[in-house]
Amino acid sequence: MSNNSNNPESTPVTHFILNRIRDDVAAGKNGGNVITRFPPEPNGYLHIGHAKSICLNFSMAKEFNGCTNLRFDDTNPLKEEALFYEQIQNDVRWLGFEWTELRHASDYFQQLYDYARELISNGKAYVDSLPAEQIREYRGTLTEAGRNSPDRDRPVEQSLDLFERMKNGEFADGELVVRARIDMASGNINMRDPVIYRIRRAHHQLTGDDWCIYPMYDFAHCVSDAIEGITHSLCTLEFEDHRPLYDWILDNISIDCHPQQIEFARGNLDFTVMSKRRLRQLVDQGHVDGWDDPRMPTIAGIRRRGYPPAAVRQFWESVGVSKSESIIPMGVLENAVRNELNETAPRVMAVLRPLKIVLTNFPENETHWVEAARHPQNPDFGQRKVPITRELYIEQTDFMLEAPKKFFRLKPGGEVRLRNAFIIQCNQVIQDADGHITELHCSYDPDTISGQPGASRKVKGTIHWVSAEHAVNAEVRLYDRLFNATNPLADKQRDFSEFLNPNSLETIADAVIEPSMADANAGDICQFERTGYFVVDQDSNDNRLVFNQTVALRDTWAKFAG
RNA sequence: UGGGACGUAGCCAAGUGGUUAAGGCACGGGGUUUUGAUCCCCGCAUGCGUAGGUUCGAAUCCUACCGUCCCAGCCA
């Protein structure tokens with residue numbers, strides 16, 4: 001739960017960005033409006049880290065009745081692909097947000113070009129013919145000032161002419177660039193005459209071959225923000241050094257809007273990696289089954305894993321927003337998922353690793369149907385009927401030949417309650433020649449069935465079960481963390497892929513589930529009682545049900561049992 | 001003496017000079033329970049990176065130091 005959603009007395013969630021925006025609104029800045037944007041580059045799948053930014057941007061605007069644009073930062077056609085435009089929109093919508101306007105930096109190519117001309121006209125930018133390597137050398141180092149390019153004082157008219165000819169395709173890729181004329185001695189390297197336009201003969205996904213020059217991020221981003229009237233431009237910490245440049249550009253062109261850039265820390269999770277580059281590597285090297293592999297921290301992956309969008313929102317809300325770098329335990333996310341699913345997932349009985357039991361005093365060829373609540377705390381979920389017969393399956397882990405004292409499940413001579421049904425006692429253990437337990441002979445107490453006088457009789461344990469005759473076969477995929485190291489990137493000597501967890505996926509081919517789930521559809525989520533939350537995977541078809549484990553139930557017994 | 005940031009409990013995080021330093025997760029203890037789940041109670045920093053200083057009073061202000069992160073793409 002979020003800090004204040006249940007308890008109105010507790011302190012409301014707040015953070016420096018909320019405070020800042022609240023102050024701005026109170027002061028009447030920007031006419032009291034709040035307009036934010038989420039600006040992904042269409043060069044990969046969104047991951048849960050992006051979700052933080054999405055939640056932040058949309059929630060800040062919502063808080064003040066403002067609006068949020070989705071803007072594709074598509075200024076580098078070499079790295080971008082058409083399919084990502086669609087995928088990213090799906091992911092944002094899935095998270096539960098709808099943008100006010102869909103924009104693209106490429107919508108503004110003409111305006112961007114015009115503003116660059118303005119900069120040049122005012123002596124604030126120039127066309128440089130230094131090759132890339134030379135520009136790097138002239139830039140200096142972290143501790144030494146850079147040197148002015150020989151072209152820095154090129155006459156304005158000449159730069160203007162060259163820029164136009166760049167646009168017209170008269171020069172080869174890389175032959176010329178446009179640079180802002182700022183300060184080659186600045187301690188901030190971003191201010192050492194940054195390149196703002198380069199020549200690139202690349203087919204753009206949206207503008208096709210209209211342009212052979214493309215603006216750089218530092219130029220395109222702030223101008224795009226200003227064009228859209230963004231009031232608060234929220235971005236991550238690594239752009240802090242770029243803020244002086246962001247402000248410089250807007251101060252030096254004739255645009256009447258100057259958004260405020262505010263930086264916040266990314267949110268990292270332990271036991272995973274969170275960068276498009278590295279996630280792409282996992283996909284390309286076949287370590288996972290694709291961008292939407294349920295082990296991936298991508299939005300597509302966690303969706304397929306069964307994480308509800310509300311849980312992701314709640315997670316980021318509970319984590320908060322600050323400027324200190326952090327690594328959040330995966331358990332916090334999982335807790336948010338359990339929290340949400342506990343409220344929304346109907347309960348069902350499924351046995352992952354079946355052990356057959358025979359109720360010796362139960363009539364043969366007879367089926368009793370027991371009423372079972374779909375949710376123990378919420379009657380609105382209704383009831384379902386579950387068949388019970390003489391032969392059942394229970395979980396192998398729910399029986400022990402030699403059980404420790406605190407083992408509340410089945411053991412020889414012991415009693416246990418069958419969930420939603422009656423109490424049984426284990427009378428005989430059948431083993432094969434190798435000593436493997438093949439089945440259990442038990443007797444049931446008819447007096448303890450719901451509605452009977454002995455129904456309230458207490459036994460220590462309750463276990464789940466599935467009627468052998470009615471069992472629906474299912475494949476179940478269990479997941480563990482993708483990496484063995486809390487931070488797979490910590491060891492700079494080794495590639496992060498060396499820390500992959502070889503056991504991150506375990507497939508159980510022959511689990512059994514109660515018949516009420518026989519017609520489940522991909523995306524359906526339920527709780528396998530006493531086990532965890534599971535979602536029907538898209539690999540399911542009419543002949544085969546496949547479940548992905550979303551997250552296991554909290555298991556305090558496992559801590560004792562090891 | 002490159003520049004920019006950040007250090008509050010095991011992990012996040014509020015707090016911006018004034019009683020006993022919010023809250024969540026984790027952890028420990030108890031209660032309810034036909035899920036060892038959920039739910040409910042209780043506990044959990046004489047302490048805010050360190051050392052000085054200002055002040056009647058400091059996590060909050062000042063100074064110095066220590067530690068961590070980011071920046072030298074014609075990437076975003």
Side-chain angles (χ1 to χ4, degrees), chain A residues 1-4 7 10-16 39-41 43 73 75-76 78-79 128 131-132 135-136 139-146 173-174 176-179 185-192 195-200 214 216-218 220-221 235-244 263 265 267 270 276 317-329 331-332 335-336 338-339 342-343 347 349 372-373 376-377 406-409 417-423 448 450 455-464 527-532 553-561:
Chain A
M1 278 293 113
S2 60
N3 298 356
N4 63 344
N7 181 0
S10 65
T11 313
V13 181
T14 186
H15 51 72
F16 77 103
E41 183 185 13
N43 68 342
D73 227 337
T75 56
N76 185 1
L78 250 32
K79 293 192 173 175
D128 195 355
I135 287 182
R136 194 184 322 124
R139 187 150 37 222
T141 68
L142 293 178
T143 53
E144 298 163 41
D173 286 11
L176 296 174
V177 293
V178 178
R179 292 228 257 167
S186 173
N188 181 348
I189 289 179
N190 294 304
M191 299 298 268
R192 318 237 266 228
V195 171
I196 60 172
Y197 258 97
R198 76 288 216 186
I199 303 172
R200 246 187 190 27
Y214 292 96
M216 297 283 290
Y217 165 85
D218 283 309
H221 200 87
C235 64
T236 43
L237 250 29
E238 69 270 27
F239 291 102
E240 220 153 11
D241 289 345
H242 295 246
R243 181 157 27 99
E263 310 84 13
D270 62 5
K276 287 183 199 168
E317 187 182 334
S318 76
V319 163
V321 179
S322 75
K323 295 193 69 163
S324 52
E325 295 280 6
S326 60
I327 298 183
I328 303 139
V332 178
N335 186 68
R338 286 191 199 96
N339 233 324
N342 178 50
E343 310 273 317
R347 314 288 131 121
M349 291 193 287
Q377 280 83 35
K406 297 277 236 174
F407 187 78
F408 300 151
R409 284 108 99 144
R417 169 147 229 134
L418 291 186
R419 176 89 172 137
N420 298 309
F422 37 63
I423 293 172
T448 57
S450 184
S456 59
R457 209 183 114 203
K458 304 287 185 213
V459 284
K460 264 300 195 181
T462 298
I463 64 173
H464 55 94
Q527 182 196 99
F528 289 177
E529 284 193 293
R530 300 209 312 129
T531 304
L553 249 32
R554 190 177 270 111
D555 186 357
T556 48
W557 164 248
K559 287 174 189 166
F560 291 104

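Just so we're on the same page: letters track the sequence lines, and every chain starts at 1.
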As its Watson-Crick or G-U partner within any shown strand, both distances under 3.5 Å, U20(B) has none
Any donor-acceptor pair, under 3.5 Å, between the side chain of Arg338(A) and the base of U38(B), if you only look at N and O atoms? no
Of all the nucleotides listed (C74(B), U35(B), C75(B)), which has the minimum atom distance to the side chain of Lys79(A)? C75(B)
Quick one, Asn76(A) and Arg200(A) - any side-chain contact, counting heavy atoms below 4.5 Å? yes
If stacking means aromatic ring centre less than 5.5 angstrom from the base's six-membered ring centre, planes under 30°, is Tyr217(A) stacked on A76(B)? no
Measuring from the side chain of Lys323(A) (C-beta onward, heavy atoms only), which nucleotide among G36(B), C71(B), A5(B) has the closest atom? A5(B)
Nearest-angstrom distance, P atom, U32(B) to C41(B): 15 Å
Do Arg554(A) side-chain and G36(B) base share a donor-acceptor contact under 3.5 Å? no
Using a strict 4.0 Å threshold on nitrogen-to-oxygen distance, state whether Lys323(A) and Glu240(A) make a salt bridge. yes
What nucleotide among C71(B), A13(B), U34(B) has an atom nearest to a side-chain atom of Ser450(A)? U34(B)
Distance between P atoms of G57(B) and A45(B) (Å, rounded): 26 Å
Using the rule given for salt bridge (charged side-chain N to carboxylate O under 4.0 Å, His left out), can you reason through Lys79(A) versus Glu41(A), listing the C-alpha separation, both sets of side-chain angles and the distance that settles it, and then say yes or no? CA-CA 9 Å; Lys79(A) 293 192 173 175; Glu41(A) 183 185 13; over 6 Å; no
With C1' as the reference atom in both, quote the distance from A72(B) to G2(B) in angstrom, rounded to an integer. 11 Å
For C66(B) versus C75(B), give the span between their C1' atoms, rounded off to a whole number of Å. 35 Å
Please state whether the base of U35(B) and the side chain of Arg530(A) form at least one donor-acceptor pair under 3.5 Å? no
Among C74(B), C12(B), A76(B), which is the nearest nucleotide to the side chain of Phe239(A)? A76(B)
Among the nucleotides C25(B), A76(B), A5(B), whichever has the atom closest to the side chain of Glu240(A) is A5(B)
Mate of U54(B) where both pairing distances stay under 3.5 Å, Watson-Crick or G-U: none
Assigned partner base of G47(B), Watson-Crick or wobble definition, under 3.5 Å: none
Pairwise P distance for U50(B) and U60(B), with rounding to whole Å: 11 Å
Over all strands shown, is Arg409(A) touching base, sugar-phosphate only, or nothing at heavy-atom distances under 4.0 angstrom? base
With both distances kept under 3.5 Å, what pairs with G67(B), Watson-Crick or G-U wobble? C6(B)
Could you tell me how far A22(B) sits from G47(B) if I compare only their C1' atoms? Round to whole Å. 15 Å
Watson-Crick or G-U wobble partner for G28(B), using a 3.5 Å limit on both distances? C42(B)
So if I take every side-chain heavy atom of Val319(A) and compare against C12(B), G36(B), A76(B), which nucleotide ends up nearest? C12(B)
Asp73(A) near the nucleic acid: base, sugar-phosphate alone, or nothing, with a heavy-atom cut-off under 4.0 Å? sugar-phosphate
So does Ile328(A) get a backbone contact from the side chain of Ser326(A), meaning a donor-acceptor N/O pair under 3.5 Å? no
Between the base of G36(B) and the side chain of Asp555(A), is there a donor-acceptor distance below 3.5 Å? no
Donor-acceptor pair under 3.5 Å, His242(A) side chain vs A76(B) base: yes
What integer number of Å spans the C1' atoms of A76(B) and U68(B)? 25 Å
Side-chain donor or acceptor of Gln377(A) under 3.5 Å from a matching atom on the base of A37(B)? yes
Spacing of the P atoms in U38(B) and A26(B) (rounded, Å): 9 Å
Just label G73(B) as syn or anti from its O4'-C1'-N9-C4 or O4'-C1'-N1-C2 angle, using within 90° of 0 for syn. syn
Check this for me: does any side-chain nitrogen of one of Glu263(A) and Arg243(A) sit under 4.0 Å from a carboxylate oxygen of the other? yes
Between the side-chain atoms of Gln527(A) and the base atoms of U35(B), is any donor-acceptor pair under 3.5 Å? yes
